[in-house]
Chemist: 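Dropping a structure here in structure tokens format, bear with me for questions.
Both counts, for ligands and for their atoms, begin at 1 and track the order of listing. Since this is a predicted model, take the numbers as computed values, not measurements.
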Amino acid sequence: MNIKNLLSKMSLEEKIALCSGADFWHTKTMEQHGIPSMMVCDGPHGLRKQENETDMLGINLSVPATSFPTAVSTGCSWNTELLEEIGEAIGQEAVANKIGVVLGPGANIKRNPLCGRNFEYFSEDPLLTGKLAAGLIRGIESTGIGSSLKHFAFNNQEYKRFSSDSIMDERTMREIYLTGFEIAVKEGKPSTVMSAYNKINGEHCSDSKMLLTDILRNEWGFDGMVLTDWGGMSNRIKGFKSGCDLCMPGGSAYMEKEALAAVKDGSLSEQDIDCSAERILDKIFAAQKAFVQKISVNMDAHHTLARKAAEESAVLLKNDDDLLPLSTDSKIVFIGEMAKEIRYQGAGSSHINPWKLTNVTDSCPDIPYSNDPEAARNAEIAVVFAGLTPAYESEGFDRDNMKMPEMHLELIEKVASINPNTVVVLLCGSAVEMPWDDKVKSILYMGLPGQAGGEAIANLLFGKVSPSGKLAESWPIHYQDCVCSTYFGKKDAHYREGLYVGYRYYSTAKINVRYPFGHGLSYTSFVYSNLSLSNGTVTVDVRNTGKQAAKEVVQLYVLPPKDGLYRPAKELKSFTKVFLLPGECKTVSLPIHERSFAVWQDNWVVPSGVYTISVGGSSENLPLSITTEKRGEKIKDNRPEWYYHPSSAPSQQDYEKLIEKSVVAPSLIKGHFTMDNTVMEMKDYSLIMKIMYKAVEATIAKGFAGKKDYSNPEFRMLMNSAADSSLSGMKISGGMKNYVLEGMLAMANGHFFKGLGLMMKKA
Ligand code: BGC
């Protein structure tokens, strides 16, 4: 297919029209040019292909597919090859379902444990995030199907996600929030990237030429298509200029007339539109090519892979007296609802309809199961299943706190008070406070382990396989220990803490955590020796000194010179996972690069000085170290004191000095509302918006037997998506007519008759 030739035959109107979808999941068919439609679908833990009722929140049914462990779990695998295998399996299911692009992986950084969508992201660390995302991308793309790296970028909270402004300094952007995407783009080569809903320093991501062209394409060499998150196109004209190609979902003709007029009056170049249309056509025809492959999809093999992935991702947080693994000869009881119905995936757009689902009770038919804590009395060992229910964490809203449900806490406490040999299997998509930690002997953290989670848990508990996952995020003791706990979750996201995210903060500020980044025990033990560095490669010997074959994640951290430059105490710069038989020793190679020592100062530069390289099995357990001297640049730094000695939260003044500007929290003033404001925000100031809000609430409640049930995650998600989406977003996703919204906005600003006029004029 000669795409340039095809483009030359299309009219300007047709090219603009091609740059927004046909409906919720499809691009446009243009028979006159032989252009077929392409279907895309979520992502990222399996396919969510909706054939009937569509939505972006995972509410209506999708076709059965394999539900792989979610990113919160696979993040703990630290295994890039495993991610590649999962990607390939998802790609195969996509080929069989004629899906051109799978919307994932998500590579946003877990900045705060309360982000409702943390379960869909890998880690608080950019290197780990980038490497794992690249693995999944390589796997999907190997089948000819496109992946979509999302949500690019700085989307680290769900609250006001459609309109929130992420405000941060350039070092923080580069060193923390962009690095994962950069690695994923360079090493994974995704054919598409999805722009995020939010703004970055005042500009919507979909409008940002700096992000979508200067950085993504020119610096990183991305040559694929950018599509918006659903309803996330801010300004179509700016979008064409920034390199934002495809507006999704389709069906609204959002700002197409304006784009046409802009080309006609010379303020938008037709070449920008050609570039976008060409990139979309490229993807559509690449998908067509992929669909002709004869791939036989072995769903049983995918289920086995899902199990293997869940096993590799499990983190043994503690194991006093080696209580685990269990022996089948012991008198064991399983307690808690989640043993029968494990929580295996998160709510929202990544929600999959699994073709098969295994529970722990089904996988261990001989172990008695009860919901009564008293059952622990007659057992030698009690295994409690607990965690978070879907009402606690979901796309669309953030968690209110880090606590587990009261009933789960009571269950654990009660069982532990009855039986000293208590094991807890934790099923949740993000870190939780564990006031009960000292009362139980063993804790096995499964994250949200996908459709084969039940079998995986059984295999892990009974030692068929040793846990080998390591935490991809720090687990603070209390939520308040998290540096941004006092200022997270506001409309605009003020990244006051700069580089100090997760372990970068805890290790620099020397704050104890419940379980550190990189932590995870095993049924065997490992000894490290012979650390050396030569030609950019660090090597170390790792020996399995225990009795069971197992895998170990070998982690390498760089500790910068103490030269007064603002930098975290340590940063992960390399890792690998190695399988060792009992007694076996392997020499492991860990590549490092100049970039492993660099900071961002208008470019990547290596500050001079003596660096320490530490290696071990957790960020807080690094038995071996060597030093290396770098003759780089002398860098002057002049930040507020907090950034050299962080403790507790930085002040607003510190932050303003860091970003070199003052910021004011956005205030809502009648008369100044814009298309960027939401019905939810304006309802307390305007009658028309209140009426609109009530109408949305009543319409959504119809799907919930008339109940306005804010405790139901689906209801909350839908309300936030409909009533807390900007008015411009409502044009795209809600199908609202421009003149109606313009009229309502004028009314909300106190100009009733003007608003009425606007509505009447176009009516
Ligand atoms: C989510 C995306 C998802 C899209 C389509 C959006 O609400 O943020 O991750 O791919 O919906 O379902």
Chemist: Would you say the rings of F715 and Y710 are close, in the sense that their centroids are separated by under 6.0 Å?
Modeler: yes
Chemist: At a 4.0 Å cut-off, with the gap strictly under it, does some heavy atom of E120 reach an atom of ligand 1?
Modeler: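 E120 does not count as a contact of ligand 1 under the 4.0 Å cut-off.
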Chemist: Side chain, backbone, both or neither: which part of R161 has a heavy atom under 4.0 Å from ligand 1?
Modeler: side chain
Chemist: List the closest protein heavy-atom neighbour of atom 10 (O) of ligand 1: residue, atom name, distance to the nearest 0.1 Å.
Modeler: D42 OD1, 2.5 Å
Chemist: With a 4.0 Å heavy-atom cut-off (strictly under), which part of F24 contacts ligand 1: side chain, backbone, both or neither?
Modeler: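 Neither part.
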Chemist: Looking at R236 and E258, does any basic side-chain N land under 4.0 Å from a carboxylate oxygen?
Modeler: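 Between E258 and R236 there is no salt bridge, as every charged N stays at least 4.0 Å from the carboxylate O atoms.
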Chemist: Quiz question: by atom type and distance under 3.5 Å, do the side chains of Y495 and N156 form a donor-acceptor pair?
Modeler: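 A pair is found: one side chain offers a donor N or O, the other an acceptor, under 3.5 Å apart.
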Chemist: Could you list the atoms of ligand 1 found under 4.0 angstrom from a heavy atom of M194?
Modeler: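 Counting from 1, the qualifying ligand atoms are 10 (O).
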Chemist: Taking only heavy atoms of L103 into account, list the atoms of ligand 1 that are under 4.0 Å away from them.
Modeler: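 That gives atoms 10 (O) of ligand 1.
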Chemist: With atoms numbered from 1 as shown, which atoms in ligand 1 lie under 4.0 angstrom from a non-hydrogen atom of E395?
Modeler: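 The list of qualifying atoms is 1 (C), 6 (C), 7 (O), 8 (O).
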Chemist: Would you say the side-chain atoms of K731 and N738 include a donor-acceptor pair closer than 3.5 Å?
Modeler: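 A donor-acceptor contact under 3.5 Å links the two side chains.
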Chemist: Atoms of ligand 1 less than 4.0 Å from R48 heavy atoms?
Modeler: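 Near R48, the atoms of ligand 1 are 12 (O).
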Chemist: Hey, does F162 sit under 4.0 Å from ligand 1 if you only count heavy atoms?
Modeler: no
Chemist: Under a 3.5 Å cutoff, is there a donor and acceptor pairing between the side chains of S350 and Q345?
Modeler: no
Chemist: Hey, are N60 and Q50 close enough side-chain-wise for a donor-acceptor pair under 3.5 Å?
Modeler: no
Chemist: For H302 and Q92, does a side-chain donor sit closer than 3.5 Å to a side-chain acceptor?
Modeler: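 On atom types as modelled, these side chains qualify, holding a pair under 3.5 Å.
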Chemist: May I ask you to check if ligand 1 and H151 share an N or O to N or O distance below 3.5 Å?
Modeler: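 Yes; at least one N/O pair falls below 3.5 Å.
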Chemist: With a 3.5 Å cut-off and no angle check, do the side chains of S148 and T192 form a donor-acceptor pair?
Modeler: yes
Chemist: Measure the distances from the heavy atoms of M248 to every atom of ligand 1 and state whether one is below 4.0 angstrom.
Modeler: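 Not so, M248 does not reach ligand 1.
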Chemist: Please confirm whether the backbone N or O of L718 pairs with a side-chain atom of S721, one donor and one acceptor, at under 3.5 Å?
Modeler: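 Such a contact is absent between S721 side chain and L718 backbone.
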Chemist: With only distance considered, is D229 within less than 3.5 Å of ligand 1 through an N or O on each side?
Modeler: yes
Chemist: As an exercise, identify every atom of ligand 1 less than 4.0 angstrom from a heavy atom of S349.
Modeler: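 Taking each heavy atom of S349 in turn, ligand 1 has 1 (C), 2 (C), 3 (C), 9 (O), 12 (O) under 4.0 Å.
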Chemist: Measure R117 to ligand 1 on non-hydrogen atoms and call it side chain, backbone, both or neither using the 4.0 Å cut-off.
Modeler: side chain
Chemist: With nothing but distance in play, are any N or O atoms of W25 less than 3.5 Å from an N or O of ligand 1?
Modeler: no
Chemist: Enumerate the atoms of ligand 1 whose separation from the nearest heavy atom of Y197 is less than 4.0 angstrom.
Modeler: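 Answer, ordered by atom number: 6 (C), 7 (O), 8 (O).
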Chemist: With a distance cut-off below 6.0 Å to the six-membered ring centre and an angular limit of 45° from the axis, does R117 pair with F119 as a cation-pi contact?
Modeler: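 Cation-pi check for R117 and F119: fails.
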Chemist: Can you check side-chain contact (heavy atoms from CB on, under 4.5 Å) on N97 and L47, steps first, answer last?
Modeler: CA-CA 9 Å; N97 278 283; L47 286 194; 3.6 Å; yes
Chemist: Report, in ascending order of atom number, the atoms of ligand 1 lying under 4.0 Å from any heavy atom of K150.
Modeler: 2 (C), 3 (C), 9 (O), 10 (O)
